[in-house]
Amino acid sequence: MAQFGELEAAIMDAVWAGGKPLRVREILEHLDRDPEPAYNTVHTVTEILHRKGWLSKKKDGRAYRYGATTSREEYVAGLMGEALAVAEDRTATLARFVQQMQPGEAEELHRLLSQAVAREAREAPK
């Protein structure tokens, strides 16, 4: 899973924030970049993201609407998984990651891990 380039990330942010498939013009309106990229540039990068599988494409009149094929959370989780995959010591890497969390985030992580352990225990073959 590759990390997005700057404009790719801005386009994906716009689509994720939009919460629904957007036309290129709508994506351009959501971009907060100075200078504002040209319509053709945004269209080209949007098409590239579609070919890479990050955006769906559906005809809407004479234009197309582009929607995210995965959530921002799934994308970030994939990046985190890749980062862990290259770590020599995954446990030490996870420990460092947890140490950098805010207290509320660490508590939420603990709750989610407890749920995962309980689910695994319920689903384990007997």
How many angstroms lie between atom NE2 of His43 and atom CZ of Arg25, to the nearest 0.5 angstrom? 11.0 Å
Closest approach of Ala17 and Arg72, non-hydrogen atoms and distance? N-NH2, 4.3 Å
What pair of heavy atoms forms the shortest contact from Ala9 to Phe4, and how long is it? N-CB, 3.6 Å
Rounded to the nearest 0.5 angstrom, the CE-CD distance for Met101 and Glu107 is 11.5 Å
Determine, using the 4.5 Å side-chain heavy-atom cutoff (strictly less than), whether Val86 and Leu94 are members of one ILVMFWY cluster. no
Within this structure, what is the CD-CZ distance for the pair Glu6 and Arg33, rounded to the nearest 0.5 Å? 5.5 Å
More than 12 heavy atoms from other groups under 6.0 Å of CG on Asp32: no
Rounded distance (nearest 0.5 Å) linking atom OG1 of Thr70 with atom CH2 of Trp16: 7.5 Å
Is there a donor-acceptor contact under 3.5 Å from the side chain of Thr93 to the main chain of Leu84? no
Check each of Ile11, Leu7, Val15 against Leu49 using the side chain to side chain contact (heavy atoms under 4.5 Å, CB included) test, and report the only one that passes. Ile11
Would you say Leu112 and Met80 are hydrophobically clustered, going by side-chain heavy atoms of ILVMFWY under 4.5 Å? no
Determine the sole option in Ile27, Leu28, Thr44 for which the side chain to side chain contact (heavy atoms under 4.5 Å, CB included) test with Tyr39 is passed. Leu28
Under a 3.5 Å distance rule, please check whether Ser56 uses its side chain to pair with a backbone N or O of Gly67 as donor and acceptor. yes
Exceeds 12 heavy-atom contacts within 6.0 angstrom, atom NZ of Lys59: yes
Nearest 0.5 Å, what's the CG-CD distance between Leu109 and Gln102? 13.5 Å
More than 12 heavy atoms from other groups under 6.0 Å of CZ on Arg96: no
Mind listing the closest non-hydrogen atom pair of Gln3 and Tyr75 along with its distance? CA-OH, 3.3 Å
Is there a path of hydrophobic side-chain contacts, each under 4.5 Å between heavy atoms of I, L, V, M, F, W or Y residues, that connects Ile48 with Leu55? no
For Glu120, I'd like to know if atom CD has over 12 heavy atoms of other residues, nucleotides or ligands within 6.0 Å. no
Sort out for me which residue in Glu47, Glu26, Arg23 forms a side chain to side chain donor-acceptor pair (under 3.5 Å) with Tyr66. Glu47
Separation between CD (Gln100) and CD (Glu105), nearest 0.5 Å, reads 10.5 Å
Ignoring hydrogens, what is the shortest heavy-atom contact between His30 and Ala14? Give both atom names and the distance. CB-CB, 3.7 Å
Check: Thr46 main-chain N/O paired with Trp54 side-chain donor or acceptor under 3.5 Å: no
